[in-house]
S.K.: 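Just passing along the structure, written as structure tokens.
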Amino acid sequence: LPAGAGIRLAKGNVLFDLGRGAEALTEFRDAIRQRPELAGAHFSLGRALMLLGRSDEAIEPLERAVALAPDFQAAWLGLASVLESRQRWLDAAAAFHAVLRAEPDHRDALMGRSRTLSRASRLDDAFDAVSQVLERWPDDGEAQRFAAKLCLDLGLQEQAVAHLEKAAQLLPGRSDVQSMHLFALNYLADVTAESLAAAHAAFGQRYRPLASSEGTSAAVRAPGTVRPLRVGYISGDFRRHVVSRFFEPVLQRHDRARMQCVLFHNHAGRDKLTDRLQRFPHNCQEVAALGDDGLERLTRSPAPHLLTL
């Protein structure tokens with residue numbers, strides 16, 4: 001390895017670790033010019049671009065890295081990650097599979113393959129992948145939760161509930177697991193209305209009600225005043241989803257003079273339908289990255305008269 005290329009590669013890695021990303025990219029590119037067959041330089045360039053938020057640019061050097069070194073596990077994982085971020089689901093699944101060819105028990109690759117195949121609507125294959133995780137690590141709470149989600153999508157409600165009960169034991173305090181469990185109970189024929197109501201009541205007692213904390217702003221209209229009704233909608237389905245197909249006409253027909261609507265979009269992904277829905281309300285907030293406390297604060301400024309999930 002000529003000293004020039006090796007030194008530039010090492011210098012680029014140090015610069016990147018110091019937060020000097022632009023200088024690091026220059027070093028990586030110079031190393032590639034000197035030694036275009038150096039897989040590590042292509043990988044370092046792709047990884048840096050990915051971490052700098054330049055995912056589209058990161059794909060080509062990462063693809064070059066794995067072409068030069070087909071057993072370069074870190075490069076395959078980086079490529080899979082960036083392809084997933086660009087919603088290239090099947091390409092990402094193939095990259096995760098490349099990791100698994102060399103290391104069949106790679107937990108993150110199995111979960112990544114399951115996740116991306118699910119997004120590509122290959123639900124049976126996705127369930128096979130997450131099942132492999134659970135065969136090796138039955139106490140993996142996140143894998144139990146994801147297996148439950150896939151079971152619901154596949155119409156396997158009883159299996160979904162079993163996975164969720166296990167996930168609840170492994171992930172205590174995770175409200176999303178408890179919420180999914182309540183949802184799944186609706187599909188079981190032997191669950192009575194009384195037991196379902198009791199389960200919802202227990203959920204409400206466990207997790208703090210929205211209006212219980214100090215500082216809640218009253219959303220009560222003073223006598224004799226006239227003002228628009230403020231309505232907030234929280235959902236992870238303001239995207240290409242059957243719920244939004246039903247909801248869009250409702251949103252279109254809201255009387256904007258009498259109602260102020262806010263959408264709280266609780267999903268990291270967005271698409272053309274998300275953009276279209278955002279034309280109708282007075283405001284739309286992206287809340288997927290907020291925790292429970294952050295979402296609670298946001299929905300109080302100002303508090304809607306009606307908040308629906």
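Keep in mind that this is a model prediction, so the values were computed, not measured.
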S.K.: Between Ser44 and Ala41, is there a donor-acceptor pair closer than 3.5 Å when you use the side chain of the first and the backbone of the second?
M.R.: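 No.
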S.K.: Which atom names give the shortest non-hydrogen contact between Ala257 and Pro228, and what distance separates them?
M.R.: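 Where Ala257 meets Pro228 most closely, the heavy atoms are O-CG, 4.1 Å.
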S.K.: Which atom pairs, donor and acceptor, lie under 3.5 Å between side-chain atoms of residues 117-128 and protein residues at least two apart or in another chain?
M.R.:
{"unit_1": "Arg122", "atom_1": "NE", "unit_2": "Asp125", "atom_2": "OD2", "d": "3.0"}
{"unit_1": "Arg122", "atom_1": "NH2", "unit_2": "Asp125", "atom_2": "OD2", "d": "2.9"}

S.K.: Taking all heavy atoms of Ala167 and all of Gly141, pick out the closest pair and write down the distance.
M.R.: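 Looks like CB-O, 3.9 Å.
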S.K.: Roughly how far, to the nearest 0.5 Å, is the CZ atom of Arg136 from the OG atom of Ser131?
M.R.: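 These two atoms lie 10.5 Å from each other.
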S.K.: Could you state the interatomic distance from CZ (Arg29) to CD (Gln34), rounded to the nearest 0.5 Å?
M.R.: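 It comes to 15.0 Å.
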S.K.: When you look at Arg279 and Gln252, which way does the side-chain hydrogen bond (donor to acceptor under 3.5 Å, both in side chains) test go after all the steps?
M.R.: CA-CA 9 Å; Arg279 296 201 304 264; Gln252 287 176 324; over 6 Å; no
S.K.: Does Trp89 sit in a hydrophobic cluster with other residues, and if so which ones, taking ILVMFWY side chains as linked at heavy-atom separations under 4.5 Å, directly or through other members?
M.R.: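 Reading the cluster by chain and number, Trp89 sits alone, since nothing else belongs.
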S.K.: Within the structure provided, determine whether Val262 and Cys284 are in side-chain contact (heavy-atom separation under 4.5 Å).
M.R.: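 Val262 does not reach Cys284 side chain to side chain.
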S.K.: Identify whether the distance between the nearest side-chain nitrogen and carboxylate oxygen of Asp56 and Arg54 falls below 4.0 Å.
M.R.: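 Answer for the salt bridge query: no.
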S.K.: Would you say Val161 and Leu188 make side-chain contact, with heavy atoms under 4.5 Å?
M.R.: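 Yes, at least one pair of side-chain atoms sits under 4.5 Å.
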S.K.: Under a 4.0 Å threshold between the charged nitrogen and the carboxylate oxygen, would Asp91 count as salt-bridged to Arg86?
M.R.: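 Answer for the salt bridge query: no.
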S.K.: Can Leu45 be reached from Leu15 by stepping across I, L, V, M, F, W or Y side chains whose heavy atoms are under 4.5 Å apart?
M.R.: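 No; tracing contacts between hydrophobic side chains, which count when under 4.5 Å, never links both residues.
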S.K.: Apply the test side chain to side chain contact (heavy atoms under 4.5 Å, CB included) to residues Leu9 and Leu38: give CA-CA distance (whole Å), side-chain angles for both, the deciding distance (0.1 Å), then the verdict.
M.R.: CA-CA 10 Å; Leu9 179 55; Leu38 189 58; 4.1 Å; yes
S.K.: Working note: Arg253 + Val250, criterion side chain to side chain contact (heavy atoms under 4.5 Å, CB included); need CA distance, chi angles, decisive distance, verdict.
M.R.: CA-CA 5 Å; Arg253 286 164 176 77; Val250 175; over 6 Å; no
S.K.: Do Gln157 and Leu185 have side chains that approach each other closer than 4.5 Å (heavy atoms only, starting at C-beta)?
M.R.: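 No, their side chains stay 4.5 Å or more apart.
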S.K.: Before you tell me yes or no, could you show the steps for Lys11 and Glu23 under salt bridge (charged side-chain N to carboxylate O under 4.0 Å, His left out), namely the whole-Å CA-CA distance, both residues' side-chain angles and the distance that decides it to 0.1 Å?
M.R.: CA-CA 9 Å; Lys11 183 180 177 182; Glu23 296 172 73; over 6 Å; no
S.K.: Only counting residues at least two apart or in another chain, list the ones meeting ring pair (Phe, Tyr, Trp, His ring centres under 6.0 Å) with Phe72.
M.R.: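 Phe43.
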S.K.: Tell me if a side-chain donor or acceptor on Gln73 pairs with a main-chain N or O of Val99 at a distance below 3.5 Å.
M.R.: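 Yes, the answer is positive, given that a donor and an acceptor are paired below the 3.5 Å cut-off.
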S.K.: Test side-chain hydrogen bond (donor to acceptor under 3.5 Å, both in side chains) on Thr274 and Asp271; report intermediate values, then the result.
M.R.: CA-CA 5 Å; Thr274 310; Asp271 52 31; 3.2 Å; yes
S.K.: Is the shortest heavy-atom distance from the side chain of Phe96 to the side chain of Leu110 under 4.5 Å?
M.R.: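 Sidechains of Leu110 and Phe96: no contact.
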S.K.: Is any side-chain N of the basic residue among Arg8 and Asp30 closer than 4.0 Å to the acidic one's carboxylate O?
M.R.: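 A salt bridge links Arg8 with Asp30.
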S.K.: Quick one: do Glu57 and Leu49 satisfy side chain to side chain contact (heavy atoms under 4.5 Å, CB included)? Show the steps, please.
M.R.: CA-CA 7 Å; Glu57 297 175 64; Leu49 288 166; 4.0 Å; yes
S.K.: Rounded to the nearest 0.5 Å, what separates atom CD in Gln169 from atom CG in Leu164?
M.R.: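 If I round to the nearest 0.5 Å, the distance is 11.5 Å.
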S.K.: Taking the side chain as every heavy atom from C-beta outward, state whether His42 and Leu62 have any atom pair closer than 4.5 Å.
M.R.: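 No. Closest side-chain heavy atoms not under 4.5 Å.
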S.K.: Report yes if some heavy atom in the side chain of Gln144 is under 4.5 Å from a heavy atom in the side chain of Leu171; otherwise report no.
M.R.: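 They are not in contact (no side-chain heavy atoms under 4.5 Å apart), so the answer is no.
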S.K.: Kindly give the heavy-atom pair with the smallest separation between Asn266 and Ala288, and that separation in Å.
M.R.: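 Nearest heavy atoms, Asn266 then Ala288: OD1-CA, 3.5 Å.
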S.K.: Look at the side chain of Arg113 and the backbone N and O of Ala93, then say whether any donor-acceptor pair between them is shorter than 3.5 Å.
M.R.: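 Yes; judged by distance alone, with no hydrogens or angles, the pair exists.
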S.K.: Establish whether Leu150 and Leu134 are linked, either directly or via other cluster members, by ILVMFWY side-chain heavy-atom contacts under 4.5 Å.
M.R.: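 Unlinked, Leu150 and Leu134 end up in two clusters.
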S.K.: With hydrophobic residues grouped by side-chain heavy-atom distances under 4.5 Å, do Leu154 and Val130 end up in a single group?
M.R.: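 Yes; tracing contacts between hydrophobic side chains, which count when under 4.5 Å, links both residues.
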S.K.: So which of Arg145, Lys166, Arg107 actually passes salt bridge (charged side-chain N to carboxylate O under 4.0 Å, His left out) with Asp140?
M.R.: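 So the option named by the test is Arg107.
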S.K.: List the atom of Thr116, the atom of Ala92, and the distance in Å for their closest heavy-atom pair.
M.R.: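 Smallest heavy-atom distance, with atoms named: CG2-CB, 3.8 Å.
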S.K.: Val287 vs Leu290, test: side chain to side chain contact (heavy atoms under 4.5 Å, CB included). Steps then yes/no.
M.R.: CA-CA 5 Å; Val287 301; Leu290 299 180; 4.0 Å; yes
S.K.: So Met111 and Gln132, do their side chains get closer than 4.5 Å, heavy atoms only?
M.R.: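 No, every pair of side-chain atoms sits at 4.5 Å or beyond.
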S.K.: Considering non-hydrogen atoms only, spot the tightest contact between Ala24 and Gly12 and give its length.
M.R.: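 Nearest heavy atoms, Ala24 then Gly12: CB-O, 3.3 Å.
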S.K.: Flag yes if more than 12 heavy atoms outside Arg240 fall under 6.0 Å of its CZ atom; otherwise flag no.
M.R.: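 Not more than 12 within 6.0 Å, no.
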S.K.: So does Gly236 get a backbone contact from the side chain of His241, meaning a donor-acceptor N/O pair under 3.5 Å?
M.R.: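 No; zero donor-acceptor contacts below 3.5 Å.
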S.K.: Are Tyr187 and Val177 connected in the hydrophobic side-chain network, where two residues link if heavy atoms are under 4.5 Å apart?
M.R.: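 Yes, one cluster joins them.
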S.K.: Would you give the length of the straight line joining atom CE of Met50 to atom OG of Ser85, rounded to the nearest 0.5 angstrom?
M.R.: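 The OG atom of Ser85 is 8.0 Å from CE of Met50, to the nearest 0.5 Å.
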S.K.: For Phe247, is there any backbone N or O sitting under 3.5 Å from a side-chain donor or acceptor partner on Ser244?
M.R.: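 Absent.
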S.K.: Please report the C-alpha distance between Phe238 and Tyr233 in whole Å, then the side-chain angles of each, then the deciding distance to 0.1 Å, and finally whether the ring pair (Phe, Tyr, Trp, His ring centres under 6.0 Å) criterion is met.
M.R.: CA-CA 10 Å; Phe238 296 141; Tyr233 297 100; 7.3 Å; no
S.K.: Tell me whether Gln285 contacts the main-chain N or O of Phe264 through its side chain, where contact means a donor paired with an acceptor under 3.5 Å.
M.R.: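 Between the backbone of Phe264 and the side chain of Gln285 there is no qualifying donor-acceptor contact (under 3.5 Å).
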S.K.: If you count every heavy atom of other residues, nucleotides or ligands that lies below 6.0 Å from Glu158 atom CD, does the total exceed 12?
M.R.: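 Atom CD in Glu158 is not packed in, count stays at 12 or less.
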S.K.: For a quick test of reading the model, state the closest non-hydrogen atom pair linking Ile59 to Arg88 and the distance between them.
M.R.: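 Closest approach of Ile59 to Arg88, heavy atoms only: CD1-NH1, 3.6 Å.
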S.K.: Taking the side chain as C-beta and beyond, is there a heavy-atom pair between Leu182 and His200 under 4.5 Å?
M.R.: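 Result yes, sub-4.5 Å side-chain heavy-atom pair found.
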S.K.: When you group the ILVMFWY residues by side-chain heavy-atom contacts below 4.5 Å and let the links chain together, are Val82 and Val66 in the same group?
M.R.: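 Yes; Val82 is reachable from Val66 via cluster members.
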S.K.: Between the side chains of Glu37 and Arg64, is the shortest nitrogen-to-carboxylate-oxygen separation below 4.0 Å, so that they form an ion pair?
M.R.: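 Salt bridge: no.
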